[in-house]
Amino acid sequence: MKIPEATNFIEQFINEELAAGKFEANGNKIHVRFPPEPNGYLHIGHVKAMCINFGVKERYDGTLNLRMDDTNPAKEDYEYVNSIVDALKWLGFEYDKLVFASDYYDKLYEIAEKYIIDGNAYVCDLSAEEITATRGTLTEAGTPSPYRNRSAEENLKLFREMKAGIYPDGSRVLRAKIDMSSPNINMRDPVIYRIAHVEHYRTGNKWCVYPMYDFAHPLSDAIEGITHSLCSLEFENHRPLYDWVIEKAGFPAPVPRQIEFARLNITNMLMSKRYLKKLVDEGFVRGWDDPRMPTIMGLKNRGVPPTALKKFCTDVGVAKAYSVVNQAQLDSCIRDELNETAERAMAVINPLKLTITNYSGEEELVFEKNPAKENSGVRKVKFTGNVYIDRDDFSENPPPKYKRLYLGGTVRLKGAYIVRCDEAVKDDSGEVCELKCTYFPETKSGSNAETTVKAKGVVQWVDALYGADAEFRRYQPLLKDEDYPDQDYAERLNKDSEKSFFGKAEPYLAESADGTPFQLMRTGYYKKCTDGGLLLSEIVSLKDSFNK
RNA sequence: UGGGGUGUCGCCAAGCGGUAAGGCACGGGAUUUUGAUUCCCGCAUUCGUAGGUUCAAAUCCUGCCACCCCAGCCA
């Protein structure tokens with residue numbers, strides 16, 4: 001078999017196994033899984049996990065199961081499984097099979113009975129508090145439960161009674177019988193089944209005992225024939241238990257192998273389902289797919305292209321070192337993609353009238369639809385000499401190196417002519433309300449006419465007469481500062497998080513005057529001239545991909 | 001203080017005994033119908049630290065330091 005070149009340490013590990021012939025028996029098929037718990041919407045952190053798993057699937061021509069890790073009925077719901085399926089679809093990740101851990105409840109229960117019969121598990125009557133108290137500490141061994149040596153018969157009877165529902169929640173649990181003095185606390189007789197008289201969103205009231213993650217996950221992997229179970233670093237301590245559970249169940253080799261990687265962190269972005277759920281539940285955002293949320297659906301509604309998300313995850317790489325990636329790197333990927341795909345248009349946020357005193361008539365100017373893309377076509381924009389420019393593109397007291405318009409200065413109206421500002425008309429309150437300018441006919445864009453007139457800057461404009469139809473005259477950013485949840489709340493929620501919640505989102509998305517959503521691309525303007533204001537130089541129609 | 005991990009440029013990250021890739025950010029220059037894009041150019045004599053092995057170490061060995069994870073009937 002041809003072994004592909006590894007792009008990260010996980011694939012390197014797989015390659016070594018392949019080279020050693022570990023999977024020869026099954027034709028060197030690699031089988032992975034992506035196992036979210038349907039208890040919330042997927043966020044950008046999950047995209048990294050997906051890229052890793054789907055990357056392995058593709059590179060080794062393997063298979064991938066999307067598995068709903070639904071072993072805790074209290075938290076899970078169909079709304080979330082649907083949202084997960086939708087997110088994968090939007091991202092373009094194609095899995096081979098959709099499976100549910102809850103599909104294995106019968107099988108898992110059988111294995112639990114086998115554990116009991118083999119003397120590897122016992123029913124423990126200790127309360128949750130007592131179990132905690134007898135588990136020991138980081139430095140001291142735990143003490144064995146008084147129920148640890150019950151006979152297999154008694155354990156079986158009790159466990160069946162638990163299943164039958166005659167015991168209340170919390171009265172008994174099934175524990176794995178491993179080692180109460182293990183330095184790894186996860187091995188100190190962990191609970192593998194608990195009683196919960198809770199309706200499960202899929203199995204209804206069929207069960208009142210549910211398997212724990214540490215029991216269900218490795219067995220689900222083994223049942224599905226997963227070869228590599230990729231998860232985040234915090235499960236490293238669980239690996240010995242993962243291996244133990246599979247071994248005692250008696251699965252034949254090759255048995256699934258758990259490999260851990262560092263999860264994604266981004267500056268200014270809160271990535272914890274628990275906190276995101278709070279924001280939704282407490283009404284700080286409009287929902288899981290609110291454009292301020294770092295969820296995949298939120299990002300989508302923010303105007304982020306899926307390819308940008310995937311590119312970002314690929315760029316960031318996979319390693320075992322804890323890390324926090326700068327949001328700038330995400331932004332860069334988004335801009336990169338948008339620059340390639342975005343259709344261009346001009347926009348004005350805070351209109352300021354600009355009248356060209358020596359121009360009459362009207363003409364149609366030709367623009368490239370997307371200068372970054374070859375043969376992207378053209379768009380035509382009508383020009384009458386009466387336009388609006390953005391207030392921020394005119395300064396009464398231009399700072400040094402100012403490149404836009406000021407009294408007596410010149411600027412190019414993008415795609416049109418260079419104009420000189422002769423007069424700034426003020427209203428009663430003393431605010432500039434109109435600019436009177438002179439234009440230079442020979443400076444028309446695209447013409448190579450000889451001229452001595454120069455302009456340092458280029459500004460966008462919208463025609464006063466045709467603007468509303470031709471280009472977008474006025475638009476509102478969808479996300480404003482005041483749309484962000486208050487920072488005190490953010491800090492109370494998660495003291496460790498850096499200041500803001502989701503990061504100051506780049507205003508990728510805006511709404512035009514007629515309510516049409518448009519995508520914005522940050523440019524140098526925004527970068528260098530934000531004094532509270534927001535100045536974008538490109539907007540893009542999002543009609544097709546936006547569906548809110 | 002037990003166990004498990006991790007430490008390479010401001011932020012990610014390659015590197016796997018032969019003399020420090022790449023991306024983001026940043027700085028400089030050129031082109032420009034967006035202060036954008038594109039295009040050049042610059043950006044770790046040094047790999048947590050102290051020793052040791054070797055002709056040769058970020059890579060091997062030893063000690064130390066820092067940070068992260070584990071005591072849910074969550075996943």
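Below, chain A is the first sequence line, B the second, and so on; all start at residue 1.
- Shown here, B:rG72 forms no base pair; nothing in the strands shown gives a Watson-Crick or G-U wobble contact with both key distances under 3.5 Å.
- Using a 4.0 Å heavy-atom cutoff across all strands shown, A:F261 reaches no nucleic acid atom at all.
- Base-pair partner of B:rA56: not found among the strands shown (Watson-Crick or G-U wobble, both distances under 3.5 Å).
- Proximity of A:R412 to the phosphate of B:rG35: no side-chain N or O atom is located under 4.0 Å from OP1 or OP2.
- Electrostatic pairing of A:E260 and A:R239 counts as a salt bridge here, judged by a charged N lying under 4.0 Å from a carboxylate O.
- With no hydrogens or angles considered, a side-chain donor-acceptor pair links A:H200 and A:Y105 at under 3.5 Å.
- For A:R239 against B:rG4, no side-chain N or O and base N or O form a donor-acceptor pair under 3.5 Å.
- Remark: the A:S445 side chain and the A:R412 side chain contain an N/O donor-acceptor pair separated by less than 3.5 Å.
- The side chain of A:R135 places an N or O atom within less than 4.0 Å of a non-bridging phosphate oxygen (OP1 or OP2) of B:rG72.
- The interatomic distance linking A:R175 (CZ) with B:rG72 (C1') rounds to 13 Å, in whole Å.
- With respect to the salt-bridge test (charged N to carboxylate O, under 4.0 angstrom), the residues A:R404 and A:D393 qualify.
- In this entry the distance linking CZ of A:F235 with P of B:rC70 reads 10 Å, nearest Å.
- A heavy atom lying under 4.0 Å from RNA chain B marks the following residues of residues 307-323 of chain A, by number: A:D315, A:V316, A:V318, A:A319, A:K320, A:A321, A:S323.
- The listed nucleotides are B:rG10, B:rC12, B:rU33; the one nearest the side chain of A:S445 is B:rU33.
- One interatomic measurement links the two molecules: CG of A:L174 to P of B:rG72, which rounds to 19 Å at whole-angstrom precision.
- Electrostatic pairing of A:R59 and A:E11 counts as a salt bridge here, judged by a charged N lying under 4.0 Å from a carboxylate O.
- A:W461 places its CH2 atom 16 Å from the P atom of B:rU33, with the value rounded to the nearest Å.
- Taking a cutoff of 4.0 Å between a charged side-chain nitrogen and a carboxylate oxygen, A:R67 and A:D221 qualify as a salt bridge.
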Within the sub-3.5 Å range, which N or O atoms of nucleotides 16-18 of chain B have a protein N or O partner, and how far apart are they?
{"residue": "B:rC16", "atom": "N3", "partner": "A:Q12", "partner atom": "NE2", "Å": "2.8"}
{"residue": "B:rC16", "atom": "N4", "partner": "A:Q12", "partner atom": "OE1", "Å": "3.1"}
{"residue": "B:rC16", "atom": "N4", "partner": "A:Q12", "partner atom": "NE2", "Å": "3.1"}

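- Listed pair A:T71 / B:rA75 meets the phosphate criterion, a side-chain N or O lying under 4.0 Å from OP1 or OP2.
- Side-chain N/O atoms of A:R194 include one lying less than 4.0 angstrom from OP1 or OP2 on B:rA75.
- Residues A:E161 and A:R172 are not paired through a salt bridge, judged by the lack of any N-O separation under 4.0 Å between the basic side chain and the carboxylate.
- With distances taken from any side-chain atom of A:M212 to the nucleotides B:rU1, B:rG35, B:rC73, the minimum falls on B:rC73.
- Going from atom CG of A:N237 over to atom P of B:rU6 covers 12 Å, rounded to whole Å.
- Nearest nucleotide to the A:K403 side chain, out of B:rU37, B:rG35, B:rU33: B:rG35.
- When the P atom is compared between B:rU8 and B:rU45, the two are found 15 Å apart, to the nearest whole Å.
- Using a 4.0 Å heavy-atom distance criterion, A:A328 is classed as a sugar-phosphate-only contact.
- Here the P atom of nucleotide B:rA71 and the CG atom of A:N186 are 7 Å apart, to the nearest Å.
- As judged by a 4.0 angstrom heavy-atom cut-off over every strand, A:I418 is placed among residues making no nucleic acid contact.
- Within the nucleic acid shown, A:V209 has no heavy atom closer than 4.0 Å to any nucleic acid atom.
- Under the 4.0 Å criterion applied to side-chain N and carboxylate O atoms, A:R202 and A:E76 are not assigned as salt-bridge partners.
- Within 4.0 Å (heavy atoms only), A:I131 reaches at least one base atom of the nucleic acid.
- Spacing between atom CE of A:M180 and atom P of B:rA71 amounts to 14 Å, rounded to whole angstrom units.
- A:D179 places its CG atom 16 Å from the C1' atom of B:rC70, with the value rounded to the nearest Å.
- At a threshold of 4.0 angstrom between heavy atoms, the contacts of A:H217 with the nucleic acid are absent.
- Every salt bridge (Lys or Arg N to Asp or Glu O under 4.0 Å) that A:R420 has, sequence neighbours left out, goes to A:D422.
- Annotation: B:rG48 and B:rG35 have their P atoms spaced 43 Å apart (nearest Å).
- Among the heavy atoms of the strands lying under 4.0 Å from A:T132 are primed sugar atoms or P, OP1, OP2 only; no base atom is included.
- Ion pairing of A:K311 with A:D315 is present here, as a side-chain N (NZ or NE/NH1/NH2) and a carboxylate O approach within less than 4.0 Å.
- B:rC64: Watson-Crick or G-U partner is B:rG48, with both key distances under 3.5 Å.
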